[in-house]
Amino acid sequence: MLPWLKRITAGLVLLALAATASLYGLLSLSLPALDGTGTSSAVIAPVQIERDSLGQVVITANSRDDAAYGLGFAHGQDRFFQMDLLRRNAAGELSELFGKAAINLDEKMRFHQLRKRSEKIVTQLPPGQRSILRAYAQGVNEGKAQVGFDSFEYLLTGASARPWKSEDSILAIFSMYLDLQSANFERDKALLYVDHIFGEEMRTFILQPSHYQAALDGSMIAKVEKPIPTLERTGIQALIGEIGTTDLYGSNNWAVTGTLTGTGKAMLSDDMHLGLAVPSIWYRSQLNYMMQGKTVQVTGVSLPGAPAIVVGTNDNIAWGFTNGYLDTADWIALSEQDKTWQEEEHIQLPNQQSRRYSLLMSEYGPVKTFNGKKYALSWVAHQPYAVNLKLLEMESLETVQAALALAPEVGIPVQNMLVVDSLGNAGWRPAGAIPARTNPVDTAEEAQNYSSQWQYNEETRPALFNPEDGKLWTANSRVVSVQQHKRYGDGGYALGARAVQIRDRLLAQSQFNETDFNQLQQDNKALFLTRWHQHLVDLLSENETMKTRYARDLQHLAQWQACACETSVGYTLVKRFRESVIDSAFAPVEAKMKMSGASLRYIKRYLEPAIWQLIEKKPDSWLNHHDNWSVLQRQAYENAKQKLSDEFGPDLENWQWGTVNALQIKHPFSKQLPILSRFLDMPIQPAFGDTFMPAVQGPSFGASQRFIAQPGMLGNAIMTMAGGQSGHPLSPFYRAGFDDYAQGKATALLPGMLTHSLTIKPMN
């Protein structure tokens, strides 16, 4: 190399090193102080904030208010930008950070006016709850201020961080409503379009119940085969594309009574299925405080933005949730006589600019025009009882009975709450806000039938305590009895295959420990797809010509392992075949839906019974210009293979499920700036699960945590997280614990040796 070229190269290397050092130096300035002493006007007595090697925070305080301050302080240190996104998303205020690119999303959220609702809710909370919110908010702001420098996200956006307010914590809870219940009213909207375009016959065909049912009382909605609607032949072939799907925000949980454990203590499992991102949605926390002369110690996960332990245990009881999917939203069809009015919202943009958003309102709720009509949305999240801090009372309860009594009063999105106690008891009850109206509908309700009971939370609700066989389970499908189902309705239930698999695993065993529950959480057996596997094998083996043509495919199918396993090519072929057959068979329906501005995507989860009926009955009107149903299905298979080839190359050996469904947990910024991926994202991991099985996992969706506990015997309790504790990429806690999650190992629930200690003292 020429001397001058060497000097230029060396100079460039030095400049790169200097830039990297400067970047790391700048980032290091925003690392929080984890040790030392500070003061605050918000605390009555000293508050200790300690951390272990995972970054799990341990708060020790003399009161619940002071504990809320300490938790807020830790959240503000480790997760402020994440919290900021949470409140801004719910309130429709992202445009202030990201400019015009976020306007459409902000307008979608402003439809619900959640900022105004949050402010009103705070004023109506009991004084004790307001006090906790104030203490928490001051903790957040002082924890954020202690860091000294804004995090790198604010440096990249050029925005400034706004102080945290009490109503922002309500917005954080509303963000969970948006994740967990938006599919309810989108489902009904899609069914309205189906009714309008195709008629009631198509709607009942799509919604017919499957044999995958696992209600706790064993009741079955009768499977009565519905007539297949005849599709009009238009002479135009409907283009076949992906209908698209929506993530089934949900969870698994199950429990057994003490009669089925070696300790006599009841045991609970809970893994909540959510979108996976960096940082993790949850925050490992332990709170220690005094209440009425007794020490309360509660360990679990908190939601940065809120002062509560969401899922956890106080060693007397342990509780967990799955999304309830009861019907909590109705579209109300408005007539010309129904009064409406305009309200104005102002969406703030960077550089002091703003945009006006006009919202049509009615006495039933905000109004949208679609399907040629005006509809008001009546949704439980719009009601004053939607959010409160009653969940905090779980922290000090001692029995399952007390927890079941509290469940109707808790202001959260309705959940299947499972709770166990150290006395060996186990119980289930829907917790959270449920409208007291008793006439849920799948499409829309006429305004004259609107129930004033929408204004009230349902207090009378089903419960199950210590079932005879000692086993409880829920997994986002119908849990209530057939009769109760008529009262509560369907808010977007899961198909039920996952619940059936969990139920059957539990019923096959008579004694359980934490290892058994951990294995069941990661059960990736493809029981649901077994029928599809055999069907594909038969399709590709119809004659000798087919057997020869698909010899390699059939070899992989023979070795498919009947699981969502890392090395299985056969599993990939079966999974993608099923999806493609549904897309192909329903292409004429989806095409007409899209022409009207709608889609089947929000009701695609219901199509399993209907697609098998089509496969077995082979109606000509659904062939979409294919010669016969065998041709349609083989073409669907070829379409699936072509998509796999386009993404992973033409060699089938590259289509292993571990690659196709690899776990890729990303930071929001790396999605826009891929160059940041190696610094911000979790390491890519081979797939270990899928849908329709207990081990739910997609590239960026799945079990956000895995929790197992026996109250009174917490030495073996588990809380494995899908990400690290801190949101700062230079923190030692940024990826801590992720390897255990990715490898299926069990991380202890209880804190390890405490390595950092920060004390906040009252101001004199």
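Starting from 1, each residue takes its place in the sequence as its number.
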Got Leu303 and Trp282 here, is their nearest side-chain heavy-atom distance under 4.5 Å? yes
Tell me whether Lys144 is salt-bridged to Asp84, with the criterion being a basic N under 4.0 Å from an acidic carboxylate O. no
Given side chains that start at C-beta, do those of Arg498 and Ile502 come closer than 4.5 Å, heavy atoms only? yes
Main chain of His273, side chain of Ser251: is a donor-acceptor contact present, judged purely on distance under 3.5 Å? yes
For Gln56 and Gln725, which I'm curious about, is there any donor-acceptor pair between the side chains at under 3.5 Å? no
Classify the side-chain pair Ser41/Gln138 by whether it contains a donor and acceptor separated by less than 3.5 Å. yes
Of all heavy-atom pairs linking Val480 and Pro462, the shortest is CG1-CG, 4.2 Å
Applying side-chain contact (heavy atoms from CB on, under 4.5 Å) between Tyr488 and each of Leu326, Asp327, Val414, report the one that passes. Leu326
To the nearest 0.5 Å, what is the distance between CG on Leu749 and OG1 on Thr720? 9.5 Å
Would you say Arg706's side chain and Asp271's backbone share a donor-acceptor pair under 3.5 angstrom? no
Heavy-atom closest pair, residues Ala742 and Gln685: CB-CG, 3.5 Å
Assess the residue pair Thr299 and Gln286 against the criterion (side-chain hydrogen bond (donor to acceptor under 3.5 Å, both in side chains)); give the C-alpha distance rounded to whole Å, side-chain angles, the decisive distance to 0.1 Å, and a yes or no. CA-CA 4 Å; Thr299 311; Gln286 182 183 90; 2.9 Å; yes
Should Ser131 and Asp65 be marked as a side-chain hydrogen bond (donor to acceptor under 3.5 Å, both in side chains) after you check the CA-CA gap, both sets of side-chain angles, and the distance that decides it? CA-CA 7 Å; Ser131 178; Asp65 280 27; 2.3 Å; yes
Is there a side-chain contact between Trp319 and Phe707, using heavy atoms and a 4.5 Å cut-off? no
Side-chain (Asn141) to main-chain (Pro163) donor-acceptor, under 3.5 angstrom: no
Report, as yes or no, whether the 6.0 Å neighbourhood of atom CZ on Phe465 holds more than 12 heavy atoms from other residues, nucleotides or ligands. yes
So, Lys471 side chain and Leu506 main chain: donor-acceptor pair closer than 3.5 Å or not? yes
Return yes if some donor-acceptor pair links the side-chain N/O of Asp740 with the main-chain N/O of Gly737 below 3.5 Å, else return no. no
Applying side-chain contact (heavy atoms from CB on, under 4.5 Å) to His75 and Val57, what does each step give before you reach the verdict? CA-CA 9 Å; His75 285 168; Val57 68; over 6 Å; no
Pair Asp168, Val140 - check side-chain contact (heavy atoms from CB on, under 4.5 Å), show working. CA-CA 11 Å; Asp168 294 331; Val140 169; over 6 Å; no
Roughly how far apart are Arg284 CZ and Asp52 CG, rounded to 0.5 Å? 7.0 Å
Flag the pair Ile59 / Ser285 as yes when at least one side-chain heavy-atom distance between them is below 4.5 Å, and no otherwise. no
Evaluate the ring planes of Phe174 and Tyr177, with Trp represented by its six-membered ring, and classify them as parallel (under 30°), tilted (30 to 60°) or perpendicular (over 60°). tilted
What's the spacing between His728 NE2 and Leu31 CG if we round to 0.5 Å? 4.0 Å
What I want to check is whether the side chains of Asp421 and Thr399 have a donor and an acceptor closer together than 3.5 Å. no
Closest heavy-atom pair and its distance - Ala308, Arg64: CA-NH2, 4.1 Å
Run Leu758 and Asp35 through side-chain contact (heavy atoms from CB on, under 4.5 Å) and show every step you take. CA-CA 4 Å; Leu758 179 66; Asp35 299 281; 5.9 Å; no
Judged by modelled atom types alone, do Asn518 and Gln522 share a side-chain donor-acceptor pair under 3.5 Å? yes
Given the rule in the side-chain contact (heavy atoms from CB on, under 4.5 Å) test, do Val310 and Ile412 qualify, once you have shown the distances and angles that lead to the verdict? CA-CA 10 Å; Val310 177; Ile412 57 174; over 6 Å; no
To the nearest 0.5 Å, tell me how far Leu34 CG sits from Ser726 OG. 8.5 Å
Looking at Ala703 and Ala722, what are the two nearest heavy atoms and their distance? O-CB, 3.9 Å
Any idea which heavy atoms bring Val380 and Pro435 closest together, and the distance? CG2-CD, 3.9 Å
In this structure, CG of Leu260 is separated from CG of Asp469 (nearest 0.5 Å) by 7.5 Å
Check the side chains of Thr257 and Asn466 for a donor-acceptor pair under 3.5 angstrom, ignoring hydrogens and angles. no
Keeping Gln415 on the side-chain end and Pro413 on the backbone end, is there a donor-acceptor pair under 3.5 Å? yes
Only one of Arg79, Met176, Met721 passes side-chain contact (heavy atoms from CB on, under 4.5 Å) with Ile281; say which it is. Met176
Would Asn323 and Asn476 satisfy side-chain hydrogen bond (donor to acceptor under 3.5 Å, both in side chains), going step by step from the backbone distance to the final call? CA-CA 6 Å; Asn323 198 27; Asn476 312 125; over 6 Å; no
Below 4.5 Å, heavy atoms only, C-beta onward: do Ser302 and Leu71 meet side chain to side chain? yes
Measure from the side-chain N and O atoms of Thr322 to the backbone N and O of Ala475, and report whether any donor-acceptor pair falls under 3.5 Å. no
Are the side chain of Gln77 and the backbone N or O of Ala33 linked by a donor-acceptor pair below 3.5 Å? yes
Closest contact, heavy atoms only, Ala318 versus Pro711: N-CG, 3.5 Å
List the residues meeting salt bridge (charged side-chain N to carboxylate O under 4.0 Å, His left out) with Glu458, not counting sequence neighbours, and say none if there are none. Arg487
With rounding to the nearest 0.5 Å, note down the distance linking CG in Asn316 to CD in Glu398. 5.0 Å
Within the side chain of Gln82, is there an N or O that forms a donor-acceptor pair under 3.5 Å with the backbone of Gly305? no
Whether over 12 other heavy atoms sit under 6.0 Å from Met290 CE: yes
Counting only heavy atoms from other residues, nucleotides and ligands, does the tally under 6.0 Å from CD of Gln743 exceed 12? yes
If only atom types and distance count, is the side chain of Glu393 paired as donor or acceptor with the main-chain N or O of Lys390 below 3.5 Å? no
